[in-house]
Amino acid sequence: MQNENQLINARKEKLKRLAELGVNPFPSKAERSHLIAEIFENADKFVKSEICVKLVGRIRSLRKMGKTSFFHIEDKSGKIQVYARKDDVGEKNYQIFKQSDLGDFVNIFGKIFYTKSGELSLYADEITFLTKSIRPIPVVKEKEIDGKKVIYDQFADKELRYRKRYLDLLLNPDVKETFIKRTKIIKMMREFLDKRNFIEVETPILQPQYGGAAAQPFITKHNKLDMNLYLRIADELYLKRLIIGGFERVYEVCKDFRNEGMDRMHNPEFTMIELYQAYADYNDIMNLVEELLTEIANEICGTLQFEYDGMKINMKKPWKRASISSLIQEYVKINIEKMTLAEMLKFCKKNEIELDTKTYGKVIDEIFKKFVEPNLIQPTFVIDFPKEVSPLAKSKPDNLEIVERFEVFIAGLEIGNAFTELNDPIDQRARLESQAEKRKSGDLEASEVDEDFLEAMEYGMPPTGGLGLGVDRIVMLFTNSHSIKDVIFFPQMRNI
RNA sequence: GGGCCAGUAACUCAGUGGUAGAGUAUCGCCCUUUUAAGGCGAGAGUCGAAGGUUCGAAUCCUUCCUGGCUCACCA
């Protein structure tokens with residue numbers, strides 16, 4: 001740590017020297033005539049006209065020689081080299097400039113020219129400080145070999161990259177790209193839904209009673225009301241209340257919170273888009289998901305065929321739609337429709353599938369997860385789930401034990417979950433009560449009966465299709481990111 | 001929670017029982033078209049933490065902390 005202080009002290013010394021030179025290293029105002037990218041777009045015009053441009057940016061490389069220096073400044077649009085000559089900027093200005101470090105923000109006035117080696121550069125007439133950096137940012141160097149960028153001493157420590165994302169963004173340009181894509185994707189989703197007359201709404205994050213998914217919640221407390229509140233695990237039950245209230249198409253970009261394990265697919269807080277469409281069923285929602293994700297793929301990847309994690313993905317419509325039982329038939333070569341529970345349990349035992357609850361629905365779910373899910377590389381709608389694991393979905397008319405539900409998988413990632421919503425209040429009550437029973441017998445992820453929601457449904461809820469899309473995972477897919485931590489600016493980390 | 005791997009200077013890493021190293025960065029000097037600029041010199045580390053083994057530990061052992069990968073868990 002002493003060494004770090006030494007580096008910081010060196011920069012504080014420079015601050016003192018600047019003060020002695022009468023320079024304010026933290027002025028309020030900057031003068032900018034152009035973005036750096038604009039210079040490159042019309043390079044020849046700037047070189048010929050010799051007009052004075054005013055650029056701002058952060059010093060990203062620095063080569064100080066005796067009486068002349070080269071450095072690159074970077075703004076949001078790009079990087080440009082600056083050439084500073086003592087004879088041109090003047091003795092005092094050069095003296096001031098000499099106090100600069102990597103990471104400082106500066107304002108440069110000057111003309112655009114090409115250097116001997118042909119790099120478009122800014123010939124500085126005047127240099128002023130905009131912000132002095134007193135903590136050294138890691139130095140990353142790059143060199144072009146045969147047109148390829150070779151990076152030296154890349155800022156690569158994953159822990160540091162996640163904990164100090166500002167450095168990661170600064171030092172690893174791809175990271176910025178990923179997050180810009182994230183923003184674009186969410187924006188496209190909104191536009192897509194707005195165009196189809198969905199309206200965006202907001203529902204409570206702090207909920208007196210949580211529900212809509214099987215997960216453990218974060219608990220917090222309202223002091224004045226002296227009551228526990230839960231951070232929502234899903235928006236579902238509130239959005240359905242809005243459908244009951246007469247909105248026919250609603251969606252919410254929702255931060256949800258689940259108090260569970262973390263891994264490359266899970267962060268305790270994550271982003272979903274939930275939508276509900278009255279008078280639609282899960283087939284309509286499948287079409288909508290297909291449309292939405294192919295549009296995004298086209299826009300973000302420029303093609304419907306791209307690679308994720310070494311897998312070749314083809315998003316061309318129509319996507320495969322297959323029931324759980326047919327997929328199990330396909331990949332496991334067993335016909336679960338003709339098997340008894342006992343036979344299935346035997347199968348699980350033989351294949352080392354551990355079960356805490358030995359019920360029909362759960363067993364199917366487990367076999368599917370272990371043997372089918374990893375194979376779902378190309379976009380696939382997995383349809384027709386057991387009722388038991390889907391307490392909010394409507395049963396199929398011809399088989400009451402199976403519900404009209406689908407999950408959509410791409411590249412082995414579960415991207416979304418949807419169903420024809422259960423709107424029979426009597427059936428819904430029975431299902432929630434059975435969940436509550438499970439909860440009593442120790443299932444921490446089962447929810448309690450939400451009386452207020454049931455009462456709402458008793459007034460009448462139209463037939464409705466609902467969907468939850470895992471936004472973070474969709475961003476992972478389209479940015480070829482291997483971990484959810486790479487698509488969340490500030491992923492959850494342990495205290496250190 | 002299990003298994004495996006990693007943690008040494010601000011950054012990237014070498015060092016596997018015998019005086020803590022390199023490159024970059026920093027500081028000083030030289031250098032007026034450089035671009036991983038260059039040359040000479042200097043400073044900089046509780047080797048993730050704590051115990052233990054040993055004459056001696058960055059190195060071996062134990063526990064712990066942090067992270068990664070992976071399995072389990074997870075709608």
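Small disclaimer: the values here were computed from a predicted structure and weren't measured. All chains are named by letter (A, B, ...) in the order of the sequence lines, taking the proteins before the strands, and each is independently numbered beginning at 1.
The gap from the P atom of B:U63 to that of B:G68 amounts to 22 Å, rounded to the nearest Å. Distance noted for atom P between B:A10 and B:G56: 30 Å (whole Å). Separating the C1' atom of B:G43 from that of B:C29 is a span of 15 Å, rounded to the nearest Å. The P atoms of B:A36 and B:C31 are separated by 23 Å, rounded to the nearest whole Å. B:A22 sits 14 Å from B:G45 when the P atoms are compared, rounded to a whole Å. Separation of the P atoms belonging to B:G3 and B:A42 is 49 Å when rounded to the nearest angstrom. For the P atom pair drawn from B:C73 and B:U59, the interatomic distance equals 37 Å after rounding to whole Å. For the C1' atoms, the distance linking B:C69 with B:G41 amounts to 45 Å, nearest Å.
Using a 4.0 Å heavy-atom cutoff across all strands shown, A:Glu119 reaches at least one base atom of the nucleic acid. Using a 4.0 Å heavy-atom cutoff across all strands shown, A:Pro391 reaches at least one base atom of the nucleic acid. Nucleic acid contact class of A:Phe113 (heavy atoms, under 4.0 Å, all strands): base. A:Lys79 comes within contact range of no nucleotide atom at all, as no heavy-atom separation falls under 4.0 Å. Here A:Arg264 lies in heavy-atom contact (under 4.0 Å) with sugar-phosphate atoms only. Residue A:Phe385 is classed as having no contact, given no heavy-atom separation below 4.0 Å to the nucleic acid. Within the nucleic acid shown, A:Glu414 comes within 4.0 Å of sugar-phosphate atoms alone, with no base atom in reach, counting heavy atoms only.
Nearest nucleotide to the A:Asp263 side chain, out of B:C11, B:C73, B:A36: B:C73. Distance from the side chain of A:Arg494 is smallest to B:U66 among B:A75, B:U66, B:U34. Distance from the side chain of A:Ala214 is smallest to B:A75 among B:A10, B:A75, B:C11. Each of B:G67, B:U12, B:C11 was ranked by its minimum atom distance to the side chain of A:Arg163; first place goes to B:G67. Considering only side-chain atoms of A:Gln81, the nucleotide from B:A37, B:U34, B:C11 that sits closest is B:U34. Distances were taken from every side-chain heavy atom of A:Asp153 (C-beta onward) to each of B:U70, B:C31, B:U24; the shortest belongs to B:U24. Closest contact between the side chain of A:Lys143 and the listed nucleotides B:U33, B:U26, B:A36 involves B:A36. With distances taken from any side-chain atom of A:Lys67 to the nucleotides B:C31, B:C27, B:U33, the minimum falls on B:C31. Looking at the side chain of A:Asp87, the nearest of the listed nucleotides B:G28, B:U34, B:U32 is B:U32. Counting only heavy atoms from C-beta on, A:Asp101 has its side chain closest to B:C27 among B:C27, B:A75, B:A37.
Whole-Å rounding puts the A:Lys164 NZ to B:C11 P distance at 9 Å. Distance, A:Lys141 NZ to B:A36 P: 9 Å, rounded to whole Å. In this structure, A:Asp157 atom CG and B:A10 atom P are separated by 13 Å, rounded to whole Å. Rounded to a whole Å, the CZ atom of A:Phe70 is 13 Å from the P atom of B:A36. As a whole-Å value, the separation of A:Ile145 CD1 from B:A36 P is 9 Å. Going from atom CE of A:Met265 over to atom P of B:C74 covers 16 Å, rounded to whole Å. Across the protein-nucleic acid pair, A:Arg135 atom CZ and B:A25 atom C1' stand 15 Å apart, rounded to whole Å. Distance A:Arg11 CZ to B:U26 P: 7 Å, rounded to the nearest Å.
Place A:Lys370 and A:Ala156 on RNA chain B by their nearest nucleotides, and A:Ala156 ends up nearer the 5' end. Between A:Phe155 and A:Leu102, the residue whose closest nucleotide on RNA chain B is further toward the 5' end is A:Phe155.
Within the cation-pi definition used here (under 6.0 Å to the ring centroid, within 45° of the axis), A:Arg321 qualifies as a partner of A:Phe381. For the pair A:Arg165 and A:Phe489, the cation-pi test (distance below 6.0 Å, angle within 45°) is failed.
Put simply, the side chain of A:Asn287 never gets that close to the backbone of A:Asp284: no donor and acceptor are under 3.5 Å apart.
Shown here, B:U16 forms no base pair; nothing in the strands shown gives a Watson-Crick or G-U wobble contact with both key distances under 3.5 Å. Across all strands shown, B:C71 is found opposite B:G1 as a Watson-Crick or G-U wobble partner, with both distances under 3.5 Å. Of the nucleotides present, B:U66 is the one that pairs with B:A6 by Watson-Crick or G-U wobble criteria, both distances under 3.5 Å. Here B:C60 sits opposite B:G52 as a Watson-Crick or G-U wobble pair (both hydrogen-bonding atom distances under 3.5 Å). Under the Watson-Crick and G-U wobble criteria, each requiring two contacts below 3.5 Å, nucleotide B:C40 is paired to B:G28. Base pairing of B:U33: no nucleotide in any strand meets the Watson-Crick or G-U wobble criterion (both distances under 3.5 Å).
One cannot find a donor-acceptor pair under 3.5 Å joining the base of B:U33 and the side-chain atoms of A:Thr68.
With A:Gln435 as the partner, the side chain to side chain contact (heavy atoms under 4.5 Å, CB included) test is satisfied by one option alone out of A:Glu437, A:Glu433, A:Lys438: A:Lys438. Among the candidates A:Lys92, A:Glu91, A:Lys98, the single residue satisfying the side chain to side chain contact (heavy atoms under 4.5 Å, CB included) test with A:Tyr94 is A:Lys98.
Salt bridge annotation for A:Glu404-A:Lys396: absent, with no cationic side-chain nitrogen under 4.0 angstrom from a carboxylate oxygen.
Residue A:Arg63 has a polar side-chain atom (N or O) positioned under 4.0 Å from OP1 or OP2 of B:A37. A sub-4.0 Å separation between OP1 or OP2 of B:C27 and a side-chain N or O of A:Lys14 is present. The phosphate of B:U70 (OP1 or OP2) has a side-chain N or O of A:His482 nearer than 4.0 angstrom.
Classified by interplanar angle (parallel below 30°, tilted 30° to 60°, perpendicular above 60°), the ring pair A:Tyr83/A:Phe113 is tilted.
Side-chain contact check for A:Lys485 and A:Asn267: no donor-acceptor pair (N or O, by modelled atom type) lies under 3.5 Å. Side chains of A:Tyr162 and A:Asp168: a donor-acceptor N/O pair is absent below 3.5 angstrom, by distance only.
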